[in-house]
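See structure below.
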Amino acid sequence: MDPIIKSLDQLYCDSLTSYSRRKTIPVRIGDVIVGGDNPIVVQSMTTVDTLDTEGSIEQSIRMIEAGCELVRITAPSIKEAENLQHIKDGLRKRGYSTPLVADIHFTPNAAEVAARIVEKVRVNPGNYADKKKFEVIEYTDATYQDELDRIRERFLPLVKICKEHGTAMRIGTNHGSLSDRIMSRYGDTPLGMVESALEFLRICEDENYFDIVISMKSSNTQVMVQAYRLLVEKLNEGGFKPYPLHLGVTEAGEAEDGRIKSAVGIGTLLEDGLGDTVRVSLTEDPEFEAPVAKALIDRYTHRQDHAPIKSISNYPVNPYEHFKRESEEVYNFGGHNVPRVITDISKIEKITEKEIKVVGHFYLPELDKWKMNDQGCDFVYSGTNPIPFMLPNGMKEIQDAAIWSTVEDKANKFPLFDLVSFSLAGLFHEEINFLEIFDTEIAEAIALISQRKDTVLILKTENKHAMPALRRALVSLLEADCRVPVILKVSYPDQSADETMLYTATDVGGLLIDGLGDGVFISLEKEREHSREEVLAQIKLHNSVGFGVLQAARTRMSKTEYISCPSCGRTLFDLQETTAMIRKRTDHLKGVKIGIMGCIVNGPGEMADADYGYVGSGKGKITLYKGKEVMKRSVPSEKAVDKLIEIIKEDGMWNEPEVI
Ligand code: SF4
């Protein structure tokens, strides 16, 4: 862990322990106000061609009906910008007053048209006045200033139009599309992202134009969280107004992965009171995005009533860079080990070899052998229901201490204690003992653990401000220099699968982003009767969410990562279908990152740190990348996946899928 201690007045939020939303200026966008004391606003973006007026209207209505309060539409050229008028008129005629936002990349002239029509324009400071050449140019202070003067000249007309028409603006930085100028001075860092927005913001403030919302998006959740925090610090430090924040993770992907990745980034910031409007971008139809955003936001409606958490006077964590908290290695927890997944199977009596496949371990009776997939859990917690067969090698069992003390095979099973049973115990495992505590018991636990170096702490909380409550307990460990490995345990009785994904990603992911935590444990607590099948389905979900959260927080890569764009009016192929096709052939490539981007205009920049890229470059044409390097141009789409696999093979990153 970085030794720097941040004094609290250098921090990015009002409080690390008491929920409070950052006070921002209200920005009017048509009938909707973002920021101030107003509720957090949900927004989303259309995917149909902006020139398809009827299609855009229909899709916007579906999005609005699903809860979307601001509709963004891409305007890649003047033609599309002009057509925003027809879309707007069509929506108003059908009784929808939802404000529209024009999304602009590279085309100031389209922005200037759109700003006279819609209620808000989004500009990307990385490409508004710059064409990306991927060049590293050395700038002197004088040539850098010349560049800033050039930007001012390009950008000023838009600011004036917005001011005149009461149009709001989002200055939306993307990690993947920073200008060569910013890259050469700051690199693709959170600081570079912040400076990229501030260059544009200074021009707006010089013109007394303040109707601004700012975003700092990235597909890398650590970078995204750090950039937003740094932005707030720099706004405070630089005497800027407290502008509202638009939160989003770019190219999050689809289904479970997309939801978890979005929640790790967005949820982490919401926990600390940052964020005034949210867009969840999924590679799915846009009407599926608003309910996810809403589920994330709704957790904060009564959050300020949470039980008190002891305040922090010095914060021993660097919130702007990822450093893992140092912990001692105990068995295979902590130290330099990857964070572990413990899966709770304690509500299933006498689980069978066949059923244990829900935690990623497969028994093959014909061979009398076990196989494991990429999400084979490390430990199962069986509570008072011991597993009645020999476990596969890759998996270990944790039992309640009272049960463990009665079993014969004490070496290969591990005990779980609470504070009382731990302090009274006469018998411990020789290698590893688990101590489960609430955050409020941390002081007693520190005193007990100091006498035993074979302990792993399982930390949980009943506080509804869960992430900060767990974080406070981890700060206590840091203050006491207690290096016990810590597993973060969460529990969400009887809720939907989506909620489990989003809440775990927020409550655990938010800590992992800051290097806090050596594993995840989702508890299986039920409020009502469930069939055995339902419980097994729940266990399967918890197991995959555990791995998903570790991957989304970039702390353990257990599967292929797809950085796929949400698609928009520029998209050149069916993103959902294509992503599914690529996933089918490559989802066994553990840890490999594949970018799937709908257009060549923004795609190469937006796919950020993908190892390989599949980018639409014309109707039925795909350009393939290795990192940022073009490997094959204009490949016919029917051959593109095979060619992509060839590139991965030539690069030595391919392996054949195992058949289970
Ligand atoms: S990368 Fe995807 S979402 Fe971004 S502009 Fe291109 S098609 Fe639209």
Side-chain angles (χ1 to χ4, degrees), residues 43-52 55-56 59-60 63 71-77 79-81 84 101-107 110-111 114 121-128 130-132 134 170 172-178 215 217-220 224 246 248-254 258 261-262 279-289 562-580 582 593-610 612-625 628 630 637 640:
Q43 59 174 295
S44 181
M45 186 165 175
T46 59
T47 56
V48 296
D49 187 338
T50 310
L51 293 177
D52 174 0
S56 297
Q59 191 175 51
S60 299
M63 289 159 60
V71 173
R72 182 152 52 110
I73 303 176
T74 188
S77 75
K79 267 189 311 182
E80 286 86 355
L84 292 171
V101 186
D103 196 59
I104 305 292
H105 296 268
F106 298 107
T107 46
V121 284
R122 177 271 169 122
V123 296
N124 178 344
N127 61 28
Y128 190 76
D130 292 274
K131 290 255 181 298
K132 188 112 186 101
F134 297 104
R170 168 158 66 101
T173 304
N174 270 10
H175 180 218
S177 56
L178 296 173
S215 64
K217 297 195 188 179
S218 171
S219 72
N220 177 329
M224 177 264 189
H246 162 129
V249 173
T250 51
E251 340 303 344
E254 56 177 353
K261 199 168 177 184
S262 299
R279 191 255 169 133
V280 168
S281 33
L282 301 172
T283 309
E284 295 176 23
D285 289 337
E287 53 268 37
F288 292 110
E289 296 182 342
Y562 298 94
I563 303 171
S564 53
C565 81
S567 88
C568 70
R570 287 182 190 267
T571 311
L572 290 160
F573 53 79
D574 184 323
L575 255 153
Q576 291 177 51
E577 219 173 75
T578 309
T579 303
I582 296 174
K593 299 194 276 300
I594 301 179
I596 307 165
M597 299 288 139
C599 78
I600 197 115
V601 185
N602 290 325
E606 304 294 321
M607 67 191 177
D609 60 352
Y612 305 98
Y614 180 107
V615 179
S617 51
K619 274 260 171 279
K621 295 278 184 284
I622 306 298
T623 293
L624 299 169
Y625 289 74
K628 296 240 175 274
V630 174
S637 55

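Whatever order the structure lists ligands and atoms in, that order sets their numbers, starting from 1.
For the 3.5 Å distance criterion, the side chains of Glu80 and Ser77 qualify, holding a donor opposite an acceptor.
Under the 3.5 Å distance criterion, the side-chain polar atoms of Asn124 are matched with a main-chain donor or acceptor of Gly126. Panel note: side chain Arg570, backbone Thr74; no donor-acceptor pair is recorded below 3.5 Å. The main-chain N or O of Cys565 is found under 3.5 Å from a side-chain atom of Thr283 such that the two form a donor-acceptor pair.
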- [ ] For side chain to side chain contact (heavy atoms under 4.5 Å, CB included), just list the numbers for Lys261 and Ser219, CA-CA rounded to whole Å, side-chain angles, deciding distance to a tenth of an Å, and then say yes or no.
- [x] CA-CA 8 Å; Lys261 199 168 177 184; Ser219 72; 4.1 Å; yes

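By the 4.5 Å heavy-atom criterion applied to side chains, Tyr625 and Pro604 are counted as neighbours.
Each protein N, O or S atom less than 2.8 Å from atom 6 (Fe) of ligand 1 was counted, giving 1.
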